[in-house]
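The structure appears below as structure tokens.
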There are 4 protein chains.
Amino acid sequence: MEEPVNISIDLKLATPAYRQIVDAMRVRLVEEDLKPGQMLPTVRRLAMELSVHFNTVAQAYRELAEEGWIELKHGRGAMVIARRAPRPAENAENSKIFSERLRELVAQMRASGMDALHIAMELRSLAQALER
Amino acid sequence: MEEPVNISIDLKLATPAYRQIVDAMRVRLVEEDLKPGQMLPTVRRLAMELSVHFNTVAQAYRELAEEGWIELKHGRGAMVIARRAPRPAENAENSKIFSERLRELVAQMRASGMDALHIAMELRSLAQALER
Amino acid sequence: MEEPVNISIDLKLATPAYRQIVDAMRVRLVEEDLKPGQMLPTVRRLAMELSVHFNTVAQAYRELAEEGWIELKHGRGAMVIARRAPRPAENAENSKIFSERLRELVAQMRASGMDALHIAMELRSLAQALER
Amino acid sequence: MEEPVNISIDLKLATPAYRQIVDAMRVRLVEEDLKPGQMLPTVRRLAMELSVHFNTVAQAYRELAEEGWIELKHGRGAMVIARRAPRPAENAENSKIFSERLRELVAQMRASGMDALHIAMELRSLAQALER
DNA sequence: GTGGTCTAGACCACG
DNA sequence: GTGGTCTAGACCACA
């Protein structure tokens with residue numbers, strides 16, 4: 001029942017390790033690679049796999065638990081749970097901020113020299129995945 | 001000749017003030033709202049407008065200068081310059097990281113309760129702008 | 001002679017299962033729903049009813065026995081006994097701590113958005129029950 | 001502008017230090033001893049005062065920030081902010097749990113030998129404070 | 001053996 | 001000088 005998480009992190013990046021873990025796992029949770037009911041590796045095991053301290057993984061798990069994706073149980077590991085959808089009330093606010101961040105990220109990609117058409121292709125492919 | 005920068009930052013956000021400034025200005029530079037030859041407001045003036053310490057703006061300007069967007073002239077402010085495109089050598093590496101960040105950002109948007117179709121629409125609209 | 005215990009626990013809560021059992025049973029003991037002489041369900045039966053490991057119930061029973069509420073008889077289950085009142089010697093110290101915890105709990109209720117008057121009503125109703 | 005926090009914790013207790021700090025400060029925030037706009041001591045200073053590691057205080061502050069009571073700013077300390085009231089939607093659920101915890105706490109007090117009338121008095125006094 | 005807490009102290013990011 | 005992250009490792013609580 002335990003699932004390999006299949007994520008990788010890069011300690012050289014500016015983004016803190018625990019954030020990278022959270023972000024990577026959130027992708028797998030949203031895309032339902034990790035489904036409710038599945039057990040996650042223990043903090044200590046994932047920590048070994050990623051070559052970080054177990055506290056770092058524990059912090060990531062705690063954050064995911066707070067977001068309502070997983071449940072941490074004393075002595076019994078961590079489990080993916082069915083997440084109640086957040087109310088769309090705050091979205092009016094959030095939506096704007098996220099759109100801005102999207103625009104900023106695209107600008108960053110272009111600034112780094114990526115081809116505009118290539119980026120456009122990626123965006124369309126992401127959009128298509130969402131429309132399924 | 002001096003251009004209003006028309007950006008706004010939110011000190012309550014987790015993203016540091018100087019990053020917000022850099023990110024917002026990079027959007028305007030990439031999208032060529034700010035064109036080579038135009039003068040930017042002085043560090044102190046922009047700092048006042050945004051209600052931040054002038055060191056914060058100075059750091060943002062320094063970063064933009066490092067990225068090759070602007071030129072700082074001692075005592076005479078900052079000017080947008082024609083940026084030589086970054087060599088696409090780094091791209092193979094960067095491209096992957098950016099794609100991952102894009103995916104993570106979309107996951108975050110979905111996790112925050114935003115409608116998938118709404119996000120898809122945004123992505124397509126960004127793609128379209130890039131293809132022009 | 002055996003009494004249904006009529007408690008329920010929630011494994012999703014942060015409070016450990018065994019604590020929930022102890023706390024719930026202590027309420028029933030203090031309020032004398034469970035009276036000296038009555039037999040409690042066996043560790044294994046209560047464990048099944050609550051869907052927890054029997055060790056968890058065993059730990060709860062052990063704690064209640066230590067507090068002087070029940071008596072464990074090897075192989076013959078557990079019985080509610082007449083508890084000698086704890087000497088009020090410790091009270092001076094405990095009283096302060098408990099008052100503080102009461103205050104903290106009320107603060108938590110208010111922080112969670114509960115109506116102040118509603119909380120006050122509850123407190124008065126508890127007080128009234130104590131004065132009978 | 002900086003305010004003494006005037007809390008004390010007891011490392012001998014089972015409740016973790018950071019929880020004690022959170023609980024004690026929440027009382028002071030709910031009762032508006034600490035008002036929006038006030039600066040809190042830095043994590044390192046409060047840590048010294050309470051004789052704990054600064055990480056312990058940092059964790060407590062982070063929790064209070066998450067609950068919306070305070071704001072942590074890089075390089076600028078922590079400030080009490082005006083907290084948006086939590087929506088009373090979840091209360092139906094919470095209310096029950098909190099009432100149960102109240103009942104359990106009272107049972108614990110009685111079990112520890114505190115005089116029932118004394119407890120009743122305390123409850124009434126808390127109720128009165130809420131009705132003001 | 002699980003997750004949780006705490007300490008000690010290094011190093012970084014921010015303003 | 002502020003808060004944030006991470007490591008190392010001890011010890012505890014839980015199931």
Side-chain angles (χ1 to χ4, degrees), chain A residues 2 9 11-21 39-47 50-63 65 70-79, chain B residues 9 11 14-21 47 50-60 63, chain C residues 9 11 14-22 47 50-60 63, chain D residues 2 9 11 13-21 39-47 50-63 65 70-79:
Chain A
E2 194 186 304
I9 64 169
L11 289 175
K12 291 194 296 293
L13 260 43
T15 326
Y18 87 96
R19 275 246 62 85
Q20 292 184 47
I21 299 173
M39 294 302 291
L40 295 178
T42 67
V43 283
R44 283 171 167 84
R45 226 189 90 205
L46 185 52
L50 302 177
S51 312
V52 295
H53 193 265
F54 80 85
N55 271 338
T56 306
V57 177
Q59 189 178 353
Y61 274 23
R62 229 172 293 134
E63 199 134 319
I70 69 177
E71 211 166 86
L72 298 173
K73 317 276 269 179
H74 238 149
R76 280 180 297 150
M79 193 180 73
Chain B
I9 66 170
L11 289 175
T15 326
Y18 92 96
R19 277 244 63 81
Q20 291 185 48
I21 299 173
L50 302 176
S51 313
V52 296
H53 196 270
F54 78 86
N55 270 339
T56 306
V57 176
Q59 188 178 356
E63 196 136 322
Chain C
I9 66 169
L11 289 174
T15 325
Y18 91 96
R19 275 244 63 81
Q20 290 185 47
I21 299 174
V22 170
L50 301 176
S51 313
V52 296
H53 195 271
F54 77 86
N55 271 339
T56 306
V57 177
Q59 188 177 356
E63 196 137 320
Chain D
E2 193 186 308
I9 64 171
L11 290 175
L13 260 44
T15 325
Y18 87 95
R19 277 246 60 86
Q20 291 184 47
I21 299 173
M39 293 303 291
L40 295 178
T42 68
V43 284
R44 282 168 167 87
R45 227 189 89 206
L46 184 52
L50 301 178
S51 310
V52 295
H53 193 263
F54 79 85
N55 271 338
T56 305
V57 176
Q59 190 178 354
Y61 274 23
R62 230 173 292 134
E63 198 134 319
I70 69 177
E71 211 167 85
L72 298 173
K73 320 276 270 179
H74 237 150
R76 278 182 296 149
M79 194 180 74

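Remember, it's a predicted structure, so these values are computed and weren't measured experimentally.
Judged as a side-chain contact (heavy atoms from CB on, under 4.5 Å), and not counting sequence neighbours, the contacts of D:Gln20 are D:Ile9, D:Asp10, D:Leu13, D:Thr15. For D:Arg19, the salt bridge (Lys or Arg N to Asp or Glu O under 4.0 Å) partners at least two apart in sequence or on another chain are D:Asp23, D:Glu63. In this structure, the side-chain contact (heavy atoms from CB on, under 4.5 Å) partners of C:His53, at least two apart in sequence or on a different chain, are C:Asn55, C:Thr56.
If you take CG of A:Leu50 and C1' of F:dC6, they are 14 Å apart, rounded to a whole angstrom. In this entry the distance linking CZ of D:Arg62 with C1' of F:dG3 reads 9 Å, nearest Å. E:dT2 atom C1' lies 15 Å from atom CD of A:Glu71, rounded to whole Å. When the P atom of F:dT2 is taken as reference, atom CD1 of D:Ile70 falls 15 Å away, rounded to whole Å. Put simply, NZ on A:Lys73 is 17 Å from C1' on E:dG1, counting in whole angstrom units. Atom CG in D:Leu13 sits about 16 Å away from atom C1' in E:dC6, given to the nearest Å. Taking atom OH of residue A:Tyr61 and atom P of nucleotide E:dG4, one finds them 11 Å apart after rounding to whole Å. Between the CG atom of A:Leu40 and the P atom of E:dT2 there is a distance of 14 Å, given to the nearest Å.
The nearest pair of heavy atoms linking B:Phe54 to B:Ala47 is CA-CB, 3.6 Å. Contact record, A:Val43 with A:Ala58: CG1-CA, 3.7 Å, taken as the closest heavy-atom pair. Taking each heavy atom of A:Ala60 and A:Tyr18 in turn, the nearest pair found is CB-O, 3.7 Å.
Side chains of C:Ile21 and C:Val57 form a contact here, defined as non-hydrogen atoms less than 4.5 Å apart.
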**Complete:** Whether each nucleotide of nucleotides 8-15 of chain E has a protein heavy atom under 4.0 Å at its base (B), only at its sugar-phosphate (S) or at neither (-) is summarised, 5' to 3', as BBB--BBS
**Request:** With pairs defined as Watson-Crick or G-U wobble and both distances under 3.5 angstrom, please note down DNA chain E as a dot-bracket string, | for pairing with another strand.
**Result:** ||||||||||||||.
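Atoms CG and OH, on A:Leu72 and A:Tyr61 in that order, are 8.5 Å from each other to the nearest 0.5 Å.
B:Val52 comes within contact range of no nucleotide atom at all, as no heavy-atom separation falls under 4.0 Å.
Formation of a donor-acceptor pair under 3.5 Å by the D:Lys73 side chain with backbone atoms of B:Leu11 is found in this model.
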